[in-house]
Amino acid sequence: MATHEREITGPVELCRPDGRLNRDAVGWSRTPLHRGNLRGWGRTKRWEYWCVTTPTHLLALTVSDLDFLTLDTVYFLAWDGHGVLEDHERTALAPGLPTRRTAFPEGIAGSGGPHGGDLVVGPERPGRRRVRISIGHEPGGTRLRARALTADLRPLEVDLLVAQPEGHETLSVVVPWDARRFQYTSKHTARPATGTVRLGDRTYDFGDDAWGVLDHGRGRWPRSLGWNWGAASGRTDGHTVGLQFGGQWTVGTGSTENALCVDGRLTKIGTELDWHYDPATPLAPWRITTPDSDRVDLAFVPFHDRRTRTEAGLVANRTDQCFGHYRGTIRTDDGLRVAVDGLLGWAEDVRMRW
């Protein structure tokens, strides 16, 4: 095993009745087992983030409730060997008053597991400043649908099915800052996807080489924090590979969100990774490694920076989410060494006050 962390194998509640962290929930699992029974208002964060990638285009959806603010986003990116062809982001913001909460389930939205449920936000026919997103469960997977108008008033319509193969393992982990501040995250990689995205009069197919990544979050956060997140999915060296890496925000907690998924089997990595990059030049190459082994030795070469800078009252956000390709090697728990060659994904650097 590549971790000292406790593996959870049965259902567990995230919080005690008083809203504090249930210490029995601290650990990680290969399938979602936590019930996100959060209590209180003010520092509570809930979200579902999906990104579905192909070699030439990707689609990302965010549904989030930050207590004092709801933020829902549809993002589409398309590129070729010469550069970015389409880059569209539409976000709907609204005050997150206690009486106007997004109806998040206590489990993963769009899953058939315990405490799961469907999630729908936005009007059926959204205008310029609104988006429509639905995340629903179907036999065999999760259906993602969305509608928005781009800045140039072209309709953007999403209909994707992200499969959940039988026995496919995912990473769920609780990160404990203290009894009042903690995060439960469930990260899924290398889930095959199918469907289409229509932008204006053009249709983009998601087929044989399309992969879904999920970031499911439920927690109570500090006021300010920074983090790294990297993920990628695809086929390389004869294997189906999912990469899931995190950094900064887990330091000192005894937990990490680092894992490899090779052919559906998870390798949990309990050490903090070394992230080598220059925040001032995020489009320069990055390097991500395990400091004490050859388990992860990867270069990441970005081609596009999804850059966000926000100063809006209670919220300040500086995000560089860079899309690009991973190359190098990884090694699983059973000693399998996999050459990673051009795996599409992202690496991001975030500073958040919220």
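Throughout, numbering of the chain's residues begins at 1 and tracks the sequence.
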> How about Trp211 and Trp50: are their ring centres within less than 6.0 Å of each other?
Replying inline: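 They do not qualify: ring centres at least 6.0 Å apart.
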>> Give me each pair satisfying side chain to side chain donor-acceptor pair (under 3.5 Å) with a member in residues 106-123, each pair once, sequence neighbours excluded.
In response: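 Listed once each, the pairs are Arg35-Glu106.
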One thing to verify: whether [Y] and [X] come together as a salt bridge, which I'm taking to mean a side-chain N less than 4.0 angstrom from a carboxylate O.
{"X": "Asp320", "Y": "Arg309", "value": "yes"}
{"X": "Asp65", "Y": "Arg46", "value": "no"}
{"X": "Arg16", "Y": "Asp18", "value": "yes"}

> How many angstroms lie between atom CG of Leu344 and atom OG1 of Thr54, to the nearest 0.5 angstrom?
Replying inline: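 It comes to 7.5 Å.
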> Step by step, would you call Arg306 with Glu348 a salt bridge (Lys or Arg N to Asp or Glu O under 4.0 Å)?
Replying inline: CA-CA 9 Å; Arg306 182 185 178 188; Glu348 68 179 30; over 6 Å; no
>> Does Arg6, at its CZ atom, have more than 12 non-hydrogen atoms belonging to other residues, nucleotides or ligands within less than 6.0 Å?
In response: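 Yes - once you tally the heavy atoms of other residues, nucleotides and ligands closer than 6.0 Å, there are more than 12.
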> With a cut-off of 6.0 Å (strictly less than), are more than 12 heavy atoms of other residues, nucleotides or ligands near CZ of Arg128?
Replying inline: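 For Arg128, atom CZ is not crowded (no more than 12 foreign heavy atoms under 6.0 Å).
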> Which salt bridge (Lys or Arg N to Asp or Glu O under 4.0 Å) pairs, counting each pair once, include a residue from residues 240-254, with sequence neighbours left out?
Replying inline: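 For residues 240-254, and leaving out neighbouring residues, there are no salt bridge (Lys or Arg N to Asp or Glu O under 4.0 Å) pairs at all.
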Can you tell if the side chain of [X] reaches within under 4.5 Å of the side chain of [Y], non-hydrogen atoms only?
{"X": "Leu119", "Y": "Glu48", "answer": "yes"}
{"X": "Arg353", "Y": "Glu311", "answer": "yes"}
{"X": "Leu58", "Y": "Phe323", "answer": "yes"}
{"X": "Val340", "Y": "Thr329", "answer": "no"}
{"X": "Phe104", "Y": "Val63", "answer": "yes"}

>> Please check this pair: side chain of Ser29 against backbone of Pro32, looking for a donor-acceptor N/O pair closer than 3.5 Å.
In response: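 Between the backbone of Pro32 and the side chain of Ser29 there is no qualifying donor-acceptor contact (under 3.5 Å).
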> Of the options Trp229, Tyr326, Tyr277, Phe245, which is the one that meets Phe300 in a ring-ring contact (aromatic ring centres under 6.0 Å, His included)?
Replying inline: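 Looking at Trp229, Tyr326, Tyr277, Phe245, the match for Phe300 under the ring-ring contact (aromatic ring centres under 6.0 Å, His included) is Tyr326.
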